[in-house]
Amino acid sequence: LEQQRGISITSTVLQFPYRDHVINLLDTPGHRDFSEDTYRVLAAADAAVMVLDAAKGIEPQTLKLFEVCRERNMPLLSFINKWDRPGREPIDLIDEIEQQIGLTPTPVTWPVGIAGDFRGVAHRDHPGFTRYTRTAHGSTVAPEEHLDEDGAAEEGEAWDQARDELALLDAIGADVDLKTFLAGESTPVFFGSALTNFGVGMLLDAVVDLVPAPGPRDDVDGVPRPLDAPFSGFVFKVQANMDPAHRDRIAFFRACSGRFERGMVVTHGTTGKPFATKYAHQAFGQERETVDEAYPGDVVGLVNAADLRIGDALYVDEPVEFPRIPSFAPEHFRVARVTDTAKFKQFRSGIRQLDEEGVVQVLRDPDLGDQAPTLAAVGPMQFDVATHRLENEFGAPVEMTSTAYKVARLTDVESEDALRAMSGVTVLQRADGARYALFESPYWLERVERDHPEMTLDRLVAEGGPTGS
């Protein structure tokens with residue numbers, strides 16, 4: 001499905017060595033419909049790289065996810081991509097970062113040549129120029145040729161314009177400042193072309209030089225778990241059928257403290273039961289290798305960990321519970337039904353798996369159970385993914401029926417009966433027992449909130465505008 005649509009649908013976990021460091025890179029979908037998956041991954045990150053399209057600049061999902069980064073005071077690097085294609089002026093793009101996101105942009109590299117006529121990048125921290133050499137159709141890595149200012153002058157007017165723009169940046173003091181970067185107030189900016197790998201090395205240098213090493217993680221009470229405490233970690237992603245040939249299920253956890261050793265028996269925080277870690281892997285895209293040990297900041301995948309759910313804590317000796325990863329506010333709601341009743345068992349199994357992975361949120365009416373669950377999503381493309389996986393991985397043909405609901409709020413047992421008695425409102429339950437009140441109209445929701453302040457109607461994370469499907 002990712003190849004058909006030409007977009008990333010799920011997050012990818014990569015670990016690789018770079019300059020005597022180990023970098024754990026969590027590559028997330030850029031499409032707004034899958035921003036909830038990105039949100040969950042951000043819970044496991046120490047910093048983020050915001051990748052902007054040179055032609056599009058800041059898109060709606062960028063703003064939504066930046067709010068999450070800001071809530072966590074997460075350091076943010078910015079990479080303006082696709083400079084080898086037509087796009088906007090670099091000054092316009094960094095102005096947009098400042099005006100729409102509120103971060104002070106501090107360019108580290110600066111493009112020589114307009115977008116689409118990319119000559120290379122100048123470096124603000126040292127003299128010189130790295131030349132970009134276009135390759136056929138961008139199909140291979142672009143060589144990086146490092147030149148002094150005399151060599152850069154060969155680029156003529158493009159170099160002269162870049163020098164003038166660099167002088168302007170110097171005059172306004174747009175210099176990298178580690179203190180404001182770590183505080184989430186400024187963002188170092190890089191320009192390049194990820195497809196041809198040009199400028200990526202400079203970005204990775206900044207990850208090593210600027211991004212802080214893993215620090216203590218706060219537990220559910222806000223108390224930092226010391227790095228040298230016994231092993232602990234939390235699950236932030238569950239993915240099934242990464243290897244379709246083996247029909248496996250992997251739970252990815254971030255190590256938060258201590259030393260993880262493959263085969264060690266840890267405690268599963270949710271159940272209090274012992275959990276064996278014999279099948280521990282690290283990943284580079286689709287490739288896997290067995291991991292024997294891991295330290296704070298590392299990401300490890302536990303294969304066929306059927307009992308683990310997103311947000312679960314794992315620990316040794318000293319119990320710990322980390323803050324739960326809340327769900328994004330769904331904006332689209334559809335009822336799913338299996339079209340072949342002989343496949344109901346597969347349908348039920350698939351729905352449960354998609355719910356555990358967070359592909360969609362599954363809401364059930366206690367009277368109907370799994371006969372006709374309501375699927376709730378941030379964007380409509382999540383329904384396409386759910387349909388594709390139910391039919392291709394579980395062999396359960398389905399139909400999705402649109403509903404009239406537009407907005408959801410968290411509610412409780414005390415408010416449930418009164419809400420159910422209202423027209424244009426229903427209350428459904430998630431597998432974890434959370435109750436969602438679904439409203440057909442945001443205006444009706446406002447009236448209910450005004451007339452019944454005693455009712456529990458709590459907002460969910462990143463609640464959007466009144467759109468539905």
Side-chain angles (χ1 to χ4, degrees), residues 32-33 35-36 38-40 42-43 60-61 63-73 100 102 218-223 270 309-311 321-335 355 358 360-369 372-380 382 401-469:
R32 73 175 305 274
D33 285 9
S35 52
E36 186 168 13
T38 302
Y39 175 72
R40 288 191 291 265
L42 283 172
Q61 71 271 20
L63 285 172
K64 179 181 284 190
L65 290 167
F66 171 72
E67 289 304 320
V68 177
C69 293
R70 168 162 280 178
E71 286 174 12
R72 296 182 175 149
N73 296 319
Q100 291 204 30
D218 287 351
D219 65 15
V220 71
D221 296 318
V223 178
T270 302
R309 305 287 185 268
I310 292 170
E321 181 181 355
F322 293 103
R324 304 299 293 181
I325 303 175
S327 299
F328 251 35
E331 300 176 20
H332 303 262
F333 307 87
R334 294 183 187 175
V335 175
D355 193 15
V360 288
Q361 294 188 59
V362 178
L363 309 177
R364 297 173 175 87
D365 185 319
D367 297 330
L368 297 176
T374 295
L375 307 187
V378 173
Q382 288 176 261
T401 306
S402 296
T403 74
Y405 300 115
K406 300 292 192 293
V407 62
R409 290 289 175 87
L410 274 174
T411 188
D412 56 17
V413 176
E414 290 75 19
S415 306
E416 181 173 0
D417 289 343
L419 288 167
R420 279 180 172 273
M422 297 177 182
S423 62
V425 186
T426 192
V427 178
L428 304 176
Q429 292 184 26
R430 292 193 324 198
D432 62 2
R435 288 167 166 77
Y436 278 24
L438 307 188
F439 289 80
E440 294 183 0
S441 165
Y443 308 107
W444 179 236
L445 166 61
E446 291 175 7
R447 181 175 175 179
V448 172
E449 287 181 311
R450 184 176 64 249
D451 294 347
H452 300 278
E454 75 284 359
M455 287 187 177
T456 299
L457 292 168
D458 295 334
R459 284 176 173 267
L460 291 132
V461 175
E463 183 175 305
T467 60
S469 177

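These numbers come from the heavy atoms of this one structure, side chains and all, not from hydrogens, waters or symmetry mates. Remember, it's a predicted structure, so these values are computed and weren't measured experimentally. Note that the numbering runs from 1 along the sequence shown for the chain.
Using a 4.5 Å heavy-atom threshold, the side chains of Leu419 and Thr411 count as touching. Proximity of Leu42 to Cys69: side-chain heavy atoms (C-beta onward) are separated by under 4.5 Å at one or more points. The closest side-chain heavy-atom distance from Pro373 to Leu368 is not below 4.5 Å. When side chains are defined from C-beta on, Ser441 does not count as touching Lys406, because their heavy atoms never get closer than 4.5 Å. No side-chain heavy atom of Asp219 sits less than 4.5 Å from a side-chain heavy atom of Glu321. Side chains of Glu449 and Met455 form no contact here, defined as non-hydrogen atoms less than 4.5 Å apart. Side-chain contact check for Leu445 versus Arg409: some heavy-atom pair is nearer than 4.5 Å. Side-chain contact between Thr374 and Arg334 is absent, with no heavy-atom pair separated by less than 4.5 Å.
Listed here is the closest heavy atom pair of Val407 and Pro442: CG1-CA, 4.3 Å. In plain terms, the two heavy atoms of Ile310 and Ile325 that are nearest each other are CG2-CD1, 4.0 Å. The two residues Arg324 and Gly311 have their closest heavy-atom pair at NH1-O, 3.1 Å. When all heavy atoms of Ala329 and Val378 are compared, the closest pair comes out as O-CG2, 4.2 Å. Considering every non-hydrogen atom in both Arg40 and Gly358, the closest pair reads NH2-O, 3.1 Å.
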Side chain to side chain contact (heavy atoms under 4.5 Å, CB included) between Leu410 and Leu457, worked out:
CA-CA 5 Å; Leu410 274 174; Leu457 292 168; over 6 Å; no
Apply side chain to side chain contact (heavy atoms under 4.5 Å, CB included) to residues Val360 and Asp355 and explain how you reach the verdict.
CA-CA 6 Å; Val360 288; Asp355 193 15; over 6 Å; no
Side chain to side chain contact (heavy atoms under 4.5 Å, CB included) between Thr426 and Tyr405, intermediate numbers included:
CA-CA 9 Å; Thr426 192; Tyr405 300 115; 3.3 Å; yes
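With hydrogens and angles ignored, the 3.5 Å screen pairs a side-chain donor or acceptor of Trp444 with a backbone N or O of Ser423. No donor-acceptor distance shorter than 3.5 angstrom exists from the side chain of Thr456 to the backbone of Asp412, with no hydrogens or angles considered. With hydrogens and angles ignored, the 3.5 Å screen pairs no side-chain donor or acceptor of Asp221 with any backbone N or O of Val223.
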Which atom pairs, one a donor and one an acceptor, fall under 3.5 Å between side chains of residues 432-439 and the rest of the protein, sequence neighbours left out?
| from | atom 1 | to | atom 2 | distance (Å) |
| --- | --- | --- | --- | --- |
| Asp432 | OD1 | Arg430 | NE | 3.2 |
| Asp432 | OD1 | Ala434 | N | 3.0 |
| Asp432 | OD2 | Arg430 | NH2 | 2.5 |
| Arg435 | NE | Glu416 | OE1 | 2.6 |
| Arg435 | NH1 | Gly433 | O | 3.4 |
| Tyr436 | OH | Gln361 | OE1 | 2.6 |
| Tyr436 | OH | Arg430 | NH1 | 2.8 |

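Separating the CG atom in Asp365 from the CD atom in Gln429 is a distance of 9.0 Å, to the nearest 0.5 Å. Between the NE2 atom in His452 and the OG atom in Ser415 there is a gap of 10.5 Å [rounded to 0.5 Å]. Between Leu363 atom CG and Phe333 atom CZ the span is 7.5 Å, to the nearest 0.5 Å.
Applying the side-chain contact (heavy atoms from CB on, under 4.5 Å) test to Asn73 and every residue at least two apart in sequence or in another chain returns nothing. For Asp451, the salt bridge (Lys or Arg N to Asp or Glu O under 4.0 Å) partners are Arg447, not counting sequence neighbours.
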